[in-house]
Structures are given as structure tokens and as C-alpha cells.
Amino acid sequence: MKRSDTSKYLLIIIDIIMVLLSYFLAVLLITNFNLYPYMFFRIKASLLLFPVIYVAVFFVAGLYSSIWIYAGMSDYINIALANFFAFIICLVAELFNYGGFTVSNIIVGATFAFVLTFGVRVLSRITYYRMIPLHNNSSKNKNILVIGAGMAGKVIVNEVRVNPALQYNILGFIDDDPNKIGQVVNGIRVLGSTEDIPYFTEEMNIDEIILAIPSLDNEQRKKILDLIKKTSIKMKTLPSMVEMIDSEINLKSIRDVEITDLLGRKEIKIDTDRLRDYYQNKTILVTGGGGSIGSELCRQLAGLNPEKLIIVDIYENNAYEIQNELMRKYPALNLKTLIASVRDEEKLDCIFNTERPDIVFHAAAHKHVPLMETSPHEAVKNNVFGTLNVVKACDKYQVERMLLISTDKAVNPTNVMGATKRICEMIIQAYNRISTHTDYVAVRFGNVLGSNGSVIPLFKRQIEEGGPLTVTHKDITRFFMTIPEAVQLVLTACSMAKGGEIFVLDMGEPVKIYDLAENLIRLSGYEPNVDIQIKVTGLRPGEKLYEELLMDEEGITKTENSLIFIGKPISIEWNELHKELQNLEHLSHCNETTNEELKYEIKKIAPTYNFKS
């Protein structure tokens, strides 16, 4: 028999005894303890019936499914209601089958029953917590401060208590509610406010801090994390409330601090009803649908009720993973996954002819700057002519709208990857002028946190390995946005496009990568350049200190969304661009063409491309 079953049956037996005792005491009190044999004979049937009624009602109310050491207000309200309904049923049963109980007997008995059944559960909780020490003073255990004495903080304390394998000594709560300071919550004192964190971490030899306030917005979270950074104490946090909607709070929810917690921006909120109005019942195709941006596009599109979603990707593993994820989460989704390369013009033609998409998101691209510097031929074939193949297919099969995922590296590019993406933007704007069927647009934004090959996963891995963290330049800065945020804005921009626009997303303030490395080291519980070194390696080929979102000749126009802007369209003639592209295509497929020759040809098409020969 399971321990939980044993506890349940024990509680049933105790409830039976408590109910019997309650109603028996009620009769004794009302008769001044003069219970004659004939009176006992009259009430014995009811004494046997009433416990059965109570246990049955308690079962229906779920009282034997509750874990009373975790009981909250809803559980106590539930037991009060269950006692009341049991009292009513007992009263009705006695009226229809007259025994020895009067109405006053039943009222007094019900009162006793409530007090005793309620008291047993409260007493079991109090006894349990008194038997378990608030903290274990083993030298192996970590001294912990919990920020937030609310429900999430209480759950963490309860889990630590019931699981001795967790090597935590919770020494106190921190909370900014002045009414809580000095109070004892679940047996642990609320020591002070967040401003007191540096003092308590030093005085109490704290090893780790857990931030247990899921409802904090990003600005409040960053303020607390900035205080903790001064202490060099390892920091863990519960996810935000948005992240926890589909999950429950427990110790498994606690994660290491991410750089997203430090951005300090308000969360981007999008009108999903408006997006659903635009995307529902549409056939949507996503190239590069298994990549970082492409897969998130698929996730968010799947929730907007499209007629059909088509994932196109050359890398089968990524495509397989996102396909399985979407099938689990959206079993009714009409989903098709195709393995194909955007370089294969004939294959794309076949796909478009068969599927007839209404909207196309083009996210397939080579994006790694250093790799494309040494393999410019592949960057041109995939980025430029892969895009051209998709553009032509959209026009031929009368796609309603095509959106290109571009990058801030396309602005005054200093690397092959950025230059090829700039040419892609030029193709989009030029083809929009000649197409009578399709609106072509592009969205340009900076780095997305957590994407494949991005700096954050690299830093975390380097910290796990003991360092050093590698930064190419102490002053290098980048714009950052989370992948879900970027995709929300991409979907919004596409829904408002008229054709020919290059949308620019508001990425907030640029972040210094060196500062980012220092913060992540501190919040992992180490001292930068003491415990873990930061090594400056020098700028890589084609790398800029500062990224830009607009070129000099581009103005900026506001849209109805305060986070989305439109760069002023630049007049590009397709016929002229097409001739230059034909020569570039020839050179990219010629093995005798050197990297330098190809870069010069790229510069002819994208004059803002600035590279060192």
C-alpha cells in the first residue's frame, strides 16, 4: 500500500471517530450527562449513519485527495462547506426517520464535528512542520534567501521541508511589503526589504538567492537583479507569470538567471485577436521553418488558426523537432513538413504549385558572420539566390504577401552575411515594383537571445567549463530582443504591410557585450576576472563595434505600433538589378572565382558594403 493511501485511510478512520464523538458528546451535554440505556438505544442507528454521511460528503468534496501539510485557504473553506452539507443531510435524514436526536442535538453535534475534523487537519499540519527542522545546519547545505514571501515563496519552503535530499537551508525571506517585514511565514522570518539584500547576504553567509515572485515585470526584476549583482551571490529565479501559465510552481520551475532577466524592458504585448483575424484560414509557408526564428514563427502561427501551415527546411532534424512539437500542442493543425532547399528552384516551383500558399515567411539563410567570411560563395548562393527563387515563386503563384527576415547587419554592412542580406532587401523592394500579385516586405532587427549560435548559450557553456568568456572587443555593443518578441513584431509588421517596406523593430538600447558577460558571471555566483576570466580576443573579420538599424539614406516613418517603424523605401529598378545579379550568380558558381573577387562583385550591387581586402 502506498504511503499516500495509508494516510488517506487513517484520516477516514479519524473522521469517523471524530463524528461519532461529536454527536455522542452533543447528546451528553444536552442531557446533562444523564444518558439512559433506552436513549442510547434510540440514537445508535443515527450514530452509525452520521459518520457514513460525513465520510461520503468528504469524499465528494475531495477532502481525502488534499495534502493537508500544503493546505491553503481554499482547502479550509472546502472543509467548512463539506461539514455544512453533511449537517444538512444528517438533519434531513433524522427528520424523515425519527430517532433519538433532536434538532438542537444535531446542531451541537455538527458544530463539534466541524471543530474536530477541521482541528485534526490543522493540527497535522502544525505537528508536521514542528517535526521538520526549518534548516539543516549541515556544512554541505547551501544557505538560501528567498525573495518573495508570497504563495510562490511558501511553496518553495514547503518543498524544501518535505524533501530532505534538497541541500538547502532557508534562512529567511526578503519582501518589499512593509506589513510582512518581521512576520513569520511558514516558520521562516521575513528579514527585510530588497534594499537589505547586501547586508543579509554578508551577515548570514548566504550561498544562493532564489527570486520567487513570478508576477514581477521585467523592470522590477532587473532592479532586484542589479542589487544582487553587487553581492556576487549565485542567483536563481522562478519564471515570469507568462512563462508559468501552463505549469505549476515547484522547485523544478527554478532556473538560473538568464540575460533576458537583465534587459529591463517592458514585455512586448501584441493584439493577438487582430493577428488572428489576418492569419486565420490562410495557407502559410515558412522557409527555414526549423531554425531559431522560423520555428518560433511556426509556433505562433499555429496558435492563430491558419488553414494550413507548411514548414520548409533543408535540415531534417530541426524540421522533425518542430513538427513533433506542433503536432503535440496543436493536434487539429493542418501541418505539412517538407525537406527542401531554397536553392533548388525546381523543387520550390513544385512546392508552390502544389500548396498554393497565401503568405510566405522567408527565414532560410546562412547567418554566421565568421563562417560566411570564409565561404562567401555559399552565402551568395543561399542568401541571395535562395531569396530570389522564393521571390519568383511567390510572383508566379500569386502569393498574397511575402516577408523576408533581414538583419541590422544589412545596414552599411562590413561582412559578407550582412551584404548578402542587403541584396535580399534590394530584391524585395525591386520586385515589389514589378509584381502585380504579391506584396514584398522585409523586417530588419538585431540579435535574438537564445538563437542557435548566439552569444548567450556560448557564455553559459563557457561558465560551466570554468571560463574564460570570450569577447571580441571591450566596447562592442549589440541590440537584443527575445525570439518570441521578435516574431510577434514580425507577424504584426506583415499584417500591416502594403508592399515595398523595410520594417525596423525598436530593439531598445544597445547592450555592451562585455557588461553582459560580467553580469552573467556574477549572477552565476562568481567574480568576473577573479573566479572566471573574460578574454578579449579582437574583432573577427567583418565584425563591427556597433550595429545600426537604418542606412543614412533611409528616413523613418512611424506606424500604428510604437515598436515598429518603416525605413524610407529606396528606388531600385529591377532590370538593372537583374543584370548585376546574373553576373554575381555566374561568379558564385565558378570555383575559380576568389573570395576577394566575389566580394568586389557584391559591393557593385550593394555600394554600402565596406570590407577590408
Exercise. Considering only NZ, NE, NH1 and NH2 on the basic side and carboxylate oxygens on the acidic side, decide whether Arg444 and Glu501 come within less than 4.0 Å.
Key: no
Quiz item: Does a side chain donor of either Glu425 or Gln429 reach within less than 3.5 Å of an acceptor in the other side chain?
Solution: no
Practice problem: Specify the closest pair of heavy atoms between Val380 and Leu598, including all atoms of both residues, with the distance to one decimal. | Solution: CG2-CD2, 4.1 Å
Practice problem: Quick one: closest heavy-atom pair of Val471 and Ile534, and the distance? | Solution: CG2-CG2, 3.8 Å
Quiz item: Is there a side-chain contact between Val399 and Phe352 (heavy atoms, below 4.5 Å)?
Solution: yes
Quiz prompt | Glu576 atom CD, over 12 foreign heavy atoms within 6.0 Å | solution = no
Exercise. Quick one: closest heavy-atom pair of Leu304 and Arg276, and the distance?
Key: O-CG, 3.7 Å
Quiz item: His368 versus Met417: any side-chain heavy-atom pair under 4.5 Å?
Solution: no
Self-check item: Passing candidate, side-chain hydrogen bond (donor to acceptor under 3.5 Å, both in side chains) with Tyr320, options Asn317, Asn324, Asn318
Solution: Asn324
Quiz item: Do we see a donor-acceptor contact under 3.5 Å between the side chains of Asn610 and Thr414?
Solution: no
Quiz item: Does a donor on one side chain and an acceptor on the other come within less than 3.5 Å for Tyr278 and Arg401?
Solution: yes
Quiz item: Between Thr387 and His362, is a side chain to side chain donor-acceptor pair (under 3.5 Å) present by the stated rule, with each step listed?
Solution: CA-CA 7 Å; Thr387 297; His362 180 44; 2.9 Å; yes
Quiz item: Hey, does Trp574 have a side-chain heavy atom less than 4.5 Å from the side chain of Tyr431?
Solution: yes
Quiz prompt | Check against salt bridge (charged side-chain N to carboxylate O under 4.0 Å, His left out), Arg299 and Glu325 | solution = CA-CA 9 Å; Arg299 288 184 192 96; Glu325 179 185 333; 2.6 Å; yes
Quiz item: Just wondering, more than 12 heavy atoms not from Gln582 lying within 6.0 Å of its CD?
Solution: yes
Quiz item: Do Thr194 and Asp176 get their side chains close enough for a donor-acceptor pair, meaning under 3.5 Å?
Solution: yes
Quiz item: If you draw the axis of the six-membered ring of Tyr600, does the NZ or CZ of Lys604 fall within 45° of it and under 6.0 Å from the ring centre?
Solution: no
Quiz item: Between Pro413 and Ala419, what is the shortest heavy-atom contact and its length?
Solution: CB-N, 3.5 Å
Quiz item: With side chains defined as the heavy atoms from C-beta onward, is the minimum distance between Met402 and Asp439 less than 4.5 Å?
Solution: no
Practice problem: Answer yes when Glu373 and Lys599 have at least one side-chain N-carboxylate O distance shorter than 4.0 Å, and no when they do not. | Solution: yes
Quiz item: With the threshold set at 4.0 Å, does a side-chain nitrogen-carboxylate oxygen contact exist between Asp277 and Arg274?
Solution: no
Quiz item: Is Ile147 close to Ile213 at the side-chain level, that is, under 4.5 Å between some pair of heavy atoms?
Solution: yes
Self-check item: Contact check, side chains of Asp395 and His437, non-hydrogen atoms, under 4.5 Å
Solution: yes
Quiz prompt | Minimum side-chain heavy-atom gap Pro306-Tyr279 below 4.5 Å | solution = no
Quiz item: Looking only at side chains, do Asp475 and Tyr514 share a donor and an acceptor under 3.5 Å apart?
Solution: no
Quiz item: Can you check whether Lys336 reaches Ile311 side chain to side chain, under 4.5 Å on heavy atoms?
Solution: no
Self-check item: Heavy-atom closest contact (Cys298 atom, Leu309 atom, distance)
Solution: O-CD2, 3.7 Å
Quiz item: Where do Asn595 and Thr374 come nearest, in terms of heavy atoms and distance?
Solution: ND2-O, 3.6 Å
Practice problem: Kindly say whether Thr283 contributes a backbone atom to a donor-acceptor pair with the side chain of Asp358 at under 3.5 angstrom? | Solution: yes
Quiz item: Do Gln462 and Thr470 get their side chains close enough for a donor-acceptor pair, meaning under 3.5 Å?
Solution: yes
